[in-house]
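Beneath this line is the structure, given in structure tokens, with notes to follow.
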Amino acid sequence: MSADVTYSGGVWKSYYGPNLGYIQEQYERYAVDPSSVDAHYRDLFARYGAPPGTSGTAAGTATTVEPSLITDVQRLQQAVSAVRMAEGIRAYGHLAANLDPLGVNAQPDTRRFEPEKFGLTADDLRSLPASLVWEEAPDEIESAWDAVQRLRELYTQSIAFEFSHVHDLGERLWLRQKVSSGLVPPPMTDEARIALLKRLIEVEQFETFLHRTFVGQKRFSIEGTDVLVPMLDEIVQVFARGGAAHILMGMAHRGRLNVLAHVLGKPYGSIFSEFHHSPNKDLFPSEGSMGINYGWTGDVKYHLGADRALEDGDRIRTTITLANNPSHLEFVNPVVEGFTRAAQDNRSQPGYPEQDTGRAAAVLIHGDAAFPGEGIVSETLNFNKLRGYQNGGTVHIIVNNRIGFTTDSHDSRSTLYASDLAKGFEIPIVHVNADDPEACLAAIRMAAEYREQFKKDFLIDLIGYRRHGHNEMDDPSATQSLVYEKVSKHPTVATLYAETLQREGVLDDSRIEAMKREVDETLQQAYDRMKALTDRPYHYHSDSFPRSDAAPSNETSVPLKRLQDVNRQLLEVPEGFHVYPKLERILQRRVDALNDDGTVDWALAEALAFATILEDGQPIRLSGQDSERGTFAHRHLVLHDYKTGNTFCPLHRLPQAKASFGVYNSPLSEASVLGFEYGYNVFAPETLVLWEAQFGDFANCAQVIFDQFISAGLAKWHQYSNLVMLLPHGYEGQGPEHSSARLERYLQSCAERNWTVANLSSAAQYFHLLRRQAAIGRTTEARPLVLMTPKSLLRNPRSAAPASSLAEGSFRPVLEEPLLGSKPKKTERLILCSGKVTLDLQAGIEAEPERSWDWLHIVRIEQLYPFPDEDIAAILQRLPALKEIVWVQEEPKNMGAWTYMEPRLRELTSGNIPVRYIGRAERSSTASGYADVHNIEQRNLIANALKLIDTL
């Protein structure tokens, strides 16, 4: 300890170090009894008096201070102030940095770091050693004055840093060392600088050509942040050289066409063709023509993604993917994160997938208004360290033009910077002026190095401007007149950088003009070739993965012997593993479930489906807020040793498994997690990916993912998915948010065979449907599955199935009620229903054994979409005495499946048979929060359907 408090050169070092509090405590003891402290401290306090922050006169100390001591205390204060000044520059230098290309904001005030602000003079600093404020200062920097001048230069230029919120000391020191070493920005060769200028000219000339050639059409230009393209070029090269097989990118509209052309390598002619085949206006209703906002593929051109292969000889070294993106700007973020994790996971072996974060890297490009404004950003940043979702670090770039549509920053966020949200996740932040391209490249290199070193996210705040309005038909001067007066007079970054290279003798004017002419000629030639091709074929943005056009076999049964073996293996636990006693008793009930007199409940049917899919060689990934155990304590795919806390997953020990099984409890987030799982599934179509909502109605927090990606991704982008969404649904008196999965919303989005919507009543049906869903993954039959999963039916004996129903048959879209034994020629009422209410009807029939039910037939519609019209029509043909069809549901009339079923049923009957409704009345809320009210309503609707009370 004594070394920490040694007086040296007039500096009591502990006064500005971590030991000050300890020394103050020693002094307080010394003031009462000098003998109670070590002799070293007695000498220290006797010589120098009380440390800062203590009061009183200690025993044995002088009441007067000699002049030499006054000098020493002053020197100490100077040292402390010098350290405070250096730390202030490091922490707050960004406030005085040159980050505003337009000079719209007040000029940065570097006076905040003048010596007098800290009670110092230049001479004071010159009298102190540089090592006091900068331990690893270069040899040429000798005094604290030289040190703070150099630090101010490093931290207040056109690149600035925010690292003080990073808690890990090792990371923070590494970041500071990167800045202090003088390698930010690093020197560039003349050849590299010329190449950078040419790239900037290409970016600018491309936008100019589009603006001139396709007058009035939207393109959401990059102008004002042109340097984004060379930044992406740079990070692609860094990641590719580092061995990344995949670089996954996500971005919204602004600058997207330029990134597609120059980073993804989309031919100029293809982009020109998309403009050429669209009228200049959005929509002419009177003429019935669609314009650019309709697009000539499935989506507008500035939403489309692309892939590019970087080749090394005959071998593809790295694939770059830009994800398709809807107008919901930031919602692509979790999708790209899912792409990336899928690219990193090796799913070829049993157990959890083996992750290699070096195999793939993610780059997300954000808008400055959207980054703090859209909650999906925060949800996605939260993936950074989560076991099932982290990817070794995402590089984030905020393309900051300091305006939303027409909204200024002060109206769109409550923070100083657009990037401030990232501080809560300890993500290092670099702010950089978009008019300094060399600084921008330095920032991107630093981001890549940090990711490589620490496997964490990094954020670059690229501060520029927007040369045009929100789109090129918008006049921004109506609301930002002063800003756009400056914009109109501000040179482009290519012009500014060309002038820099001219001043430094790197290039002359003739060489620069030649570069511009070369780019213009290339653009014009591409346009002329495009116009010559008058009959261009129609193309979707193609799916990245080869798929079979052959429909998979509908045979999903599994031999009984194999099921019995699997069941036995699922019940085996490692020696010495202590299963929670209550759970052990529950699991033991499964021992005889596949015997002759046994039945398979919902959870076991799922486990058997998973196990046999893994044995077939297909990986599975399951996530949700409680997916390991199951929200309703039914699944228990991860067992916990109640004595040691160790965990065990039976599906990881299956002897015949040929693929991985990843099961992860997710963060309390629906939108980001569902987006992540969708992205994972799109990238890894051989994997059966399932997401389970805690309760079905909670999925409405992910509505954008459903609407813009899952239901429409195939139509808009030719993007296949067989993602499974498990949405607990069923009315059991638990209130609005715990009853309905909003079935009607998914049915309303059904069209063009975009997905499958099902509401099952049997564990066997669930088993077969899961196996069917796994089989279609790599085929053109791949479609997402929206499945209303049960709550009370998980343990309802009526939903359990004999083992033979798993060992035989396949999924059936329509099931006929087995209890009735109806006589077709006498059937007058046909009840159609779906899900839990089907078993409530069955219970109602069993409760009346003396009644005759010849007049009634019940059919369960297990698959609602695609609508099983042929199956229903075949049943109707067998019922010649039929007088009415009744749709029975437990949801309110304006919810559930009624409004979807009614027109389809009327079309099937050609209006010859009445189609009626039995269920709850229309409501604004999905369900009652009072169990008694629920029970009365439920009894009444069942009784009504079975004519046990007055009917319709």
Side-chain angles (χ1 to χ4, degrees), residues 599 731 759-765 793 796-802 804-805 808-809 812-864 867-891 893 896-898 901-902 904-920 935-952:
T599 56
Y731 281 55
N759 191 16
L760 310 182
S761 60
S762 159
Q765 287 279 85
L793 298 196
N796 190 324
R798 299 179 191 282
S799 71
S804 60
S805 62
E808 301 169 1
R812 296 165 61 189
V814 170
L815 294 178
E816 298 186 59
E817 174 56 50
L819 287 181
L820 292 174
S822 63
K823 298 178 180 179
K825 292 183 179 180
K826 291 186 178 182
T827 299
E828 297 180 349
R829 170 178 282 190
L830 173 63
I831 290 179
L832 301 179
C833 51
S834 185
K836 170 181 165 289
V837 76
T838 66
L839 301 187
D840 291 343
L841 289 166
Q842 190 180 81
I845 292 170
E846 288 186 341
E848 301 287 339
E850 305 301 323
R851 286 181 177 265
S852 171
W853 300 101
D854 289 349
W855 56 274
L856 178 67
H857 191 39
I858 298 177
V859 173
R860 307 176 188 180
I861 310 300
E862 302 278 290
Q863 176 182 291
L864 293 158
F867 183 62
D869 52 353
E870 293 182 2
D871 295 323
I872 298 174
I875 293 171
L876 292 176
Q877 289 177 359
R878 302 198 329 256
L879 306 175
L882 191 64
K883 293 182 178 179
E884 61 178 352
I885 297 174
V886 177
W887 176 259
V888 177
Q889 68 179 38
E890 54 185 0
E891 303 89 349
K893 189 175 184 179
W898 166 242
M901 293 295 296
E902 181 187 17
R904 288 165 174 80
L905 294 176
R906 295 193 188 282
E907 183 177 351
L908 271 180
T909 64
S910 300
N912 296 323
I913 302 174
V915 178
R916 298 193 174 105
Y917 166 83
I918 292 179
R920 288 173 169 81
N935 291 333
I936 292 171
E937 292 176 342
Q938 197 76 1
R939 284 196 300 269
N940 286 343
L941 75 87
I942 297 300
N944 195 353
L946 299 178
K947 293 187 177 181
L948 300 177
I949 61 174
D950 290 339
T951 61
L952 298 170

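Predicted model only: the values in this text are computed from it and were never measured. Excluded from the calculations below are hydrogen atoms, water molecules and symmetry mates; all remaining heavy atoms, backbone and side chain alike, are included.
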Worksheet item: What pairs with Glu828 under side-chain contact (heavy atoms from CB on, under 4.5 Å), at least two apart in sequence or on another chain?
Response: Lys883

Fill in: CD1 on Ile913 to CG on Leu830, rounded to 0.5 Å
8.5 Å

Fill in: Cation over ring face, Lys893 and Trp887, 6.0 Å, 45°
no

Worksheet entry | Ring-ring centroid check Trp898 Tyr917, cutoff 6.0 Å | yes

Discussion item. Testing the basics here: between Trp853 and Leu946, what is the closest heavy-atom pair and its distance to 0.1 Å?
Written reply: CZ3-O, 3.7 Å

Worksheet item: Under 3.5 Å, side chain of Thr909 to main-chain N/O of Leu905, donor-acceptor pair present?
Response: yes

Worksheet entry | Interatomic distance, Met901 atom CE to Leu832 atom CG [nearest 0.5 angstrom] | 5.5 Å

Fill in: Atom of Thr827, atom of Leu856 and distance for their closest heavy-atom approach
CG2-C, 4.1 Å

Worksheet item: Distance-only, no hydrogens or angles: does the Ser834 side chain make a donor-acceptor pair with backbone N or O of Asn759 under 3.5 Å?
Response: yes

Practice prompt. Identify the heavy atoms of Arg851 and Lys947 that sit nearest to each other, and give their distance.
Written response: NH1-O, 4.4 Å

Worksheet item: Lys836 and side-chain contact (heavy atoms from CB on, under 4.5 Å): which partner among Asn796, Leu760, Leu793?
Response: Leu793

Fill in: Interatomic spacing from CD1 in Ile831 to NE2 in His857 - rounded to 0.5 Å
10.5 Å

Worksheet entry | Interatomic spacing from CG in Asp854 to NZ in Lys826 - rounded to 0.5 Å | 5.0 Å

Discussion item. Which heavy atom of Ala764 sits nearest to which heavy atom of Ser805, and what is that distance?
Written reply: CB-OG, 3.3 Å

Response to the item:
For Leu948 and Glu848 the tightest heavy-atom approach is CD2-CG, 4.1 Å

Practice prompt. Could you pull out the closest heavy-atom pair between Ser761 and Leu815, with the gap in Å?
Written response: OG-CD1, 4.4 Å

Worksheet item: Taking side chain as C-beta onward, heavy atoms only, is Asn940 less than 4.5 Å from Asn944?
Response: no

Worksheet item: How long is the span from the CZ atom in Arg798 to the CG atom in Leu841, to the nearest 0.5 Å?
Response: 10.5 Å

Worksheet entry | Sidechain N-carboxylate O distance under 4.0 Å for Glu862, Arg812 | no

Discussion item. Test side chain to side chain contact (heavy atoms under 4.5 Å, CB included) on Glu891 and Arg920; report intermediate values, then the result.
Written reply: CA-CA 6 Å; Glu891 303 89 349; Arg920 288 173 169 81; over 6 Å; no

Worksheet item: How many angstroms lie between atom SG of Cys833 and atom CZ of Arg860, to the nearest 0.5 angstrom?
Response: 7.5 Å

Could you list the donor-acceptor pairs under 3.5 angstrom formed by side chains in residues 869-882, with sequence neighbours left out?
unit_1, atom_1, unit_2, atom_2, d
Arg878, NH1, Glu816, OE2, 3.4
Arg878, NH2, Glu816, OE1, 2.7
Arg878, NH2, Glu816, OE2, 3.4

Worksheet item: Stepwise, does the side chain to side chain contact (heavy atoms under 4.5 Å, CB included) test hold for Ile858 with Ile845?
Response: CA-CA 11 Å; Ile858 298 177; Ile845 292 170; 3.6 Å; yes

Worksheet item: Would you say the side chain of Leu839 lies within less than 4.5 Å of the side chain of Ser799, judging by non-hydrogen atoms?
Response: yes

